[in-house]
Colleague: 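First the structure, which I've put down as structure tokens, then a few questions once you've had a look.
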4 protein chains.
Amino acid sequence: MSLTNPVRRRSGRPRSERARQAVMLAASELLPELGLRAMTTDRISERSGVSKATIYKWWPSKYAVAVDAFLAGMFAASREPDPDTGSAREDFRQALRGIMRFYSSASGRIFAQLVAEAQFDPEVFAELRDRLVASRRELVRAIWDRGVARGELLAEVDPDVGLDMMFGPAMYRLVAGHGPLTDEAADAVVDAAMCGLSR
Amino acid sequence: MSLTNPVRRRSGRPRSERARQAVMLAASELLPELGLRAMTTDRISERSGVSKATIYKWWPSKYAVAVDAFLAGMFAASREPDPDTGSAREDFRQALRGIMRFYSSASGRIFAQLVAEAQFDPEVFAELRDRLVASRRELVRAIWDRGVARGELLAEVDPDVGLDMMFGPAMYRLVAGHGPLTDEAADAVVDAAMCGLSR
Amino acid sequence: MSLTNPVRRRSGRPRSERARQAVMLAASELLPELGLRAMTTDRISERSGVSKATIYKWWPSKYAVAVDAFLAGMFAASREPDPDTGSAREDFRQALRGIMRFYSSASGRIFAQLVAEAQFDPEVFAELRDRLVASRRELVRAIWDRGVARGELLAEVDPDVGLDMMFGPAMYRLVAGHGPLTDEAADAVVDAAMCGLSR
Amino acid sequence: MSLTNPVRRRSGRPRSERARQAVMLAASELLPELGLRAMTTDRISERSGVSKATIYKWWPSKYAVAVDAFLAGMFAASREPDPDTGSAREDFRQALRGIMRFYSSASGRIFAQLVAEAQFDPEVFAELRDRLVASRRELVRAIWDRGVARGELLAEVDPDVGLDMMFGPAMYRLVAGHGPLTDEAADAVVDAAMCGLSR
DNA sequence: GGATAAACGAGACGGTACGTCTTGTCTTAGT
DNA sequence: ACTAAGACAAGACGTACCGTCTCGTTTATCC
């Protein structure tokens with residue numbers, strides 16, 4: 001016997017899934033082609049065949065569209081699995097290599113532009129922090145916790161500090177551009193972080 | 001015939017120093033008031049009494065004005081001297097505390113917005129890297145070199161890697177906002193970087 | 001099988017008389033409140049509780065709704081009966097006074113806006129001419145015919161010309177606003193039209 | 001003391017006469033092509049090469065542009081001179097024939113649309129009344145005054161009433177479309193108005 | 001002292017994107 | 001079949017900012 005559909009369908013024409021996907025697709029294509037700034041709402045509308053009014057109905061700004069498209073599309077593709085090699089150092093090495101590769105890819109430039117836009121728009125900032133940065137940090141946090149459990153890492157170090165020491169340099173180089181984002185750089189950072197700088 | 005002025009004064013009316021200073025002052029005031037985006041060229045012109053044409057004559061964009069104003073004004077005020085305490089760890093501690101304080105101040109928000117804008121504009125990027133990031137890094141590089149000379153720091157570590165391990169976390173937290181920018185955070189990062197994370 | 005109902009009820013749910021009346025009422029209220037332009041279809045829908053689709057099903061545009069509402073509501077209220085005083089001059093005087101009062105009332109402004117909209121929309125134009133102007137002219141045409149029959153009016157004058165001479169000035173002043181729409185003006189027009197302008 | 005430049009030039013770049021004329025020309029072309037409603041500001045901008053911002057700087061709306069263009073262009077061309085034949089009846093006949101021809105021409109449709117738009121927009125209303133209707137009425141007022149001076153017309157009739165009796169029917173037919181706008185109609189109206197309707 | 005040259009203020013301008021609004025159609029579920 | 005709710009495409013609206021331009025004025029050096 002039916003329980004009368006506890007999730008009551010709201011009346012009226014339902015939101016068009018086709019329109020949502022068309023917007024996501026158009027934004028995913030336009031972001032690498034034009035960059036975040038030159039990707040205008042009008043162009044998303046034109047490319048997707050979804051009217052501007054509809055876009056503004058569901059997203060507060062083109063940046064919200066970009067964040068959604070980035071998360072749904074490009075970012076998902078480049079998502080790294082937890083390496084879990086049995087060695088924290090090796091896990092970190094692989095995780096940081098993945099991040100370095102991501103940052104130095106086309107998606108990395110878009111990511112940098114999203115982070116940049118977040119500096120001007122609190123909503124984008126919150127969205128990015130909650131949906132992107134947090135999920136990344138969860139992954140590496142798992143590596144950290146395993147390392148502590150195995151006795152490889154110093155339990156008395158604040159994990160936030162330890163993780164920032166390893167992944168901060170990557171972000172630093174992404175936005176300031178003063179150093180390379182390579183596998184070698186990843187390895188050097190992990191090694192130095194593990195052993196320390198002092199004699 | 002005069003040889004007394006080897007630097008030949010160019011003919012015509014000389015550039016108005018008053019105008020330059022008025023623009024710098026107006027921009028210094030408007031940046032904290034409005035932020036980088038909302039500070040429009042028109043507003044700088046209005047506030048300073050300097051015409052838009054003159055502004056565009058001397059600076060390629062409002063961002064160049066902002067970088068200049070930032071360097072000349074706020075940044076200079078918050079510039080830290082080389083601590084040179086005799087201990088690399090203590091030097092780093094003080095330098096990173098200074099940076100953390102700067103990042104968490106009003107000027108820090110503006111700095112973050114300049115870094116953000118640089119992600120979209122190669123000229124701003126270059127300007128910022130050459131005039132801001134580089135000068136900062138010179139300072140801490142001096143600390144590093146003294147530490148190596150005194151045998152406190154491992155000579156085989158790439159200085160760029162070592163410095164990024166210490167100052168990357170600050171930039172990371174500035175733009176991603178996931179952790180505090182406090183003296184305690186500075187000390188924790190320096191301590192962990194010096195000693196390393198592994199047992 | 002019944003043949004007793006020669007007027008076969010059409011199948012399906014019958015048109016909601018409640019909905020029709022709610023639309024008429026809402027439009028009657030909104031027209032004076034907002035004017036013809038600002039009275040949007042959405043607002044009629046909201047006020048009446050009748051969906052936009054239903055409105056568009058029964059009326060081709062909001063202007064058709066307005067014409068309907070105007071005829072059913074305000075115009076009916078201000079409709080003048082045939083005076084038939086026994087004197088054509090007196091009949092015209094009373095008819096023109098009635099029109100002047102109507103034109104200078106709130107309904108008169110709405111009527112002017114409907115006439116105005118008709119200049120852009122042929123359907124509104126036809127609707128208005130057939131349902132509003134024509135019915136008015138029938139009334140005054142009756143006055144004319146009685147006057148001719150009684151020998152008060154010159155039979156050789158084209159009635160259309162004669163009537164326009166009397167009622168044209170009222171419309172002219174309504175849309176051009178260069179003169180008053182008062183009882184005195186009505187009397188002056190009727191007197192001058194009856195006697196002529198030349199010595 | 002200088003008398004050479006009594007009209008002091010205002011500072012700043014002077015308003016571009018070229019831009020003003022291009023807008024006028026574009027509007028003059030678009031009005032007959034599209035009608036008042038379909039002539040959008042964007043299209044005027046596109047056709048004239050003058051930016052939308054500039055158009056909005058000098059005219060409050062596209063309707064103001066239309067009134068200007070109409071006055072400067074089409075209306076000027078169709079302007080009738082004062083006939084002054086020595087007979088008021090003949091003068092009126094020619095003036096009304098001119099108006100009938102104008103109303104039944106392409107410009108007449110545009111004029112009707114301007115009058116229509118004026119019913120919704122007080123600024124257009126005032127503009128039209130002051131610049132179009134008034135100038136027309138001045139002309140026919142001159143005819144009236146000459147007729148009174150020559151003893152052809154009754155001095156005791158209010159000129160506004162007399163003129164509306166003659167020119168009201170034309171406007172009435174323009175907006176209501178119930179009768180022809182021909183030379184014959186003009187003559188019939190003038191004859192009836194001069195002689196009166198009563199025996 | 002007059003000519004020359006560049007800088008300057010004021011502000012108009014073309015271009016472009018923004019986010020909102022209105023119109024009329026369409027889609028779904030309910031009556 | 002008809003309705004209510006409301007999503008949707010199309011496209012005009014008026015505003016804002018950008019960077020360039022066109023004036024007429026001012027301030028210096030040069031002849």
Side-chain angles (χ1 to χ4, degrees), chain A residues 8-16 18-20 37-43 45-46 48-58 60-62, chain B residues 5 8-16 18-19 37-43 45-46 48-62, chain C residues 9-16 18-19 37-43 45-46 48-62, chain D residues 5 8-16 18-20 37-43 45 48-58 60-62:
Chain A
R8 280 280 284 155
R9 241 330 244 295
R10 287 196 26 261
S11 82
R13 177 175 175 173
R15 176 172 179 184
S16 161
R18 193 201 60 70
R20 199 193 64 79
R37 283 278 172 87
M39 178 190 75
T40 67
T41 317
D42 276 293
R43 248 190 275 255
S45 170
E46 187 187 16
S48 65
V50 172
S51 79
K52 248 193 334 166
T54 300
I55 296 174
Y56 277 109
K57 166 140 208 174
W58 298 112
S61 71
K62 70 170 181 178
Chain B
N5 197 353
R8 282 276 283 154
R9 235 340 237 291
R10 292 199 17 263
S11 82
R13 177 174 175 175
R15 175 173 180 184
S16 160
R18 193 202 60 72
R37 282 277 173 85
M39 179 189 75
T40 66
T41 317
D42 277 292
R43 251 188 273 256
S45 171
E46 187 188 15
S48 65
V50 172
S51 79
K52 253 196 327 169
T54 301
I55 296 174
Y56 277 109
K57 167 139 207 173
W58 299 113
W59 291 273
S61 72
K62 72 168 181 178
Chain C
R9 244 326 254 300
R10 293 192 25 257
S11 78
R13 177 171 173 177
R15 174 172 179 185
S16 161
R18 195 200 61 67
R37 281 279 172 85
M39 179 190 75
T40 65
T41 316
D42 276 295
R43 253 189 272 255
S45 170
E46 186 188 14
S48 65
V50 173
S51 79
K52 258 201 315 175
T54 302
I55 296 173
Y56 276 107
K57 168 139 206 171
W58 299 111
W59 291 273
S61 73
K62 72 169 181 176
Chain D
N5 197 357
R8 279 281 283 149
R9 230 354 235 302
R10 289 195 28 260
S11 83
R13 177 174 176 174
R15 175 172 177 186
S16 162
R18 192 201 61 69
R20 200 193 62 79
R37 283 279 173 86
M39 177 189 76
T40 67
T41 315
D42 276 295
R43 247 190 274 258
S45 171
S48 65
V50 172
S51 79
K52 240 186 350 159
T54 300
I55 295 174
Y56 277 109
K57 167 141 206 171
W58 297 113
S61 71
K62 70 171 179 176

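Quick note on labels: first sequence line is chain A, next is B, and so on, each numbered from 1.
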Colleague: B/Val50 and B/Ser45: which non-hydrogen atoms are nearest, and at how many Å?
Modeller: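 Distance-wise, the nearest heavy atoms are O-OG, 2.7 Å.
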Colleague: For E/dC8, does the base pair up with any side-chain atom of B/Arg13 as donor and acceptor (N or O, under 3.5 Å, distance only)?
Modeller: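 For B/Arg13, whose side chain was compared with the base of E/dC8, there is no donor-acceptor pair (under 3.5 Å).
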Colleague: Of all the choices, E/dA17, F/dC23, F/dC8, which nucleotide is nearest to the side chain of A/Ser16 once you look at every atom?
Modeller: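 The answer is F/dC8, which lies nearest to the side chain.
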Colleague: Go through E/dG24, E/dC8, F/dA16 for me and flag the one nearest to the C/Tyr56 side chain.
Modeller: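 Of E/dG24, E/dC8, F/dA16, E/dG24 is nearest to the side chain of C/Tyr56.
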Colleague: F/dT20 phosphate, OP1 or OP2: any side-chain N/O from B/Lys57 under 4.0 angstrom?
Modeller: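 B/Lys57 to F/dT20 OP1/OP2: no side-chain N or O under 4.0 Å.
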Colleague: With a 4.0 Å cut-off on heavy atoms, is D/Arg18 in touch with a base, just the backbone sugar-phosphate, or nothing at all?
Modeller: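 Touches sugar-phosphate only.
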Colleague: Reading DNA chain F from 5' onward, which residue's closest nucleotide shows up sooner: B/Ala53 or D/Pro60?
Modeller: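 Upstream on the strand: D/Pro60.
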Colleague: Do the side-chain N or O atoms of C/Trp58 get closer than 4.0 angstrom to the phosphate oxygens (OP1, OP2) of F/dC2?
Modeller: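 Checking F/dC2 against C/Trp58, no side-chain N or O comes under 4.0 Å of OP1 or OP2.
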Colleague: Within the structure shown, what part of the strands sits under 4.0 Å from C/Lys52 by heavy-atom distance: base, sugar-phosphate, or nothing?
Modeller: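 Answer is base: heavy atoms of C/Lys52 come under 4.0 Å of a base.
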Colleague: With a 4.0 Å limit, can you tell me whether B/Ser51 has a side-chain N or O closer than that to the phosphate oxygens OP1/OP2 of E/dA10?
Modeller: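 No, outside the criterion.
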Colleague: Of all residues at least two apart in sequence or in a different chain, which pass the side chain to side chain donor-acceptor pair (under 3.5 Å) check with A/Thr54?
Modeller: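 A/Thr54 satisfies side chain to side chain donor-acceptor pair (under 3.5 Å) with A/Ser51 once adjacent residues are dropped.
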Colleague: Taking side-chain contact (heavy atoms from CB on, under 4.5 Å) as the test, write out the residues that go with B/Arg15, two or more places apart.
Modeller: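 Per chain and number, B/Arg15 pairs via side-chain contact (heavy atoms from CB on, under 4.5 Å) with B/Arg20, B/Trp58, B/Trp59.
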Colleague: Please figure out whether D/Arg20 or C/Asp42 has its closest DNA chain E nucleotide nearer the 5' end.
Modeller: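 Upstream on the strand: D/Arg20.
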Colleague: Side chain of A/Thr41 only, heavy atoms from C-beta on: which candidate in F/dA28, E/dC18, F/dT26 is closest?
Modeller: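 The answer is E/dC18.
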Colleague: Could you tell me whether a side-chain N or O of D/Lys62 sits under 3.5 Å from a main-chain N or O of D/Met39, the two making a donor and an acceptor?
Modeller: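 Yes: the side chain of D/Lys62 pairs with the backbone of D/Met39.
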Colleague: Find the distance A/Arg15:CZ to F/dC8:C1' and express it as a whole number of Å.
Modeller: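 Whole-Å distance recorded here is 12 Å.
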Colleague: Check the distance between F/dC17's P and A/Arg37's CZ and give it to me in whole angstrom.
Modeller: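 Answer to the nearest Å: 15 Å.
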Colleague: What is the distance from CE of C/Met39 to P of E/dT23, rounded to the nearest Å?
Modeller: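 From C/Met39 CE to E/dT23 P: 9 Å.
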Colleague: Quick check: on DNA chain E, is the nucleotide nearest C/Ala38 upstream (toward 5') of the one nearest B/Gly49, or the reverse? Name the residue that is more 5'.
Modeller: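 Comparing both residues, the 5'-ward one is B/Gly49.
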Colleague: Counting only side-chain N and O atoms of B/Thr54, is one of them less than 4.0 Å from OP1 or OP2 of E/dG9?
Modeller: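 So the side-chain polar atoms of B/Thr54 do come within 4.0 Å of the phosphate oxygens OP1 or OP2 of E/dG9, strictly under.
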Colleague: Check every strand shown and say whether A/Arg43 touches a base, only sugar-phosphate, or nothing at a heavy-atom separation below 4.0 Å.
Modeller: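 If one applies the 4.0 Å heavy-atom cut-off, A/Arg43 turns out to touch the sugar-phosphate alone, with no base involved.
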Colleague: Mind calculating the distance between CD1 (D/Ile55) and P (E/dG14) to the nearest angstrom?
Modeller: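 Value for this atom pair: 9 Å.
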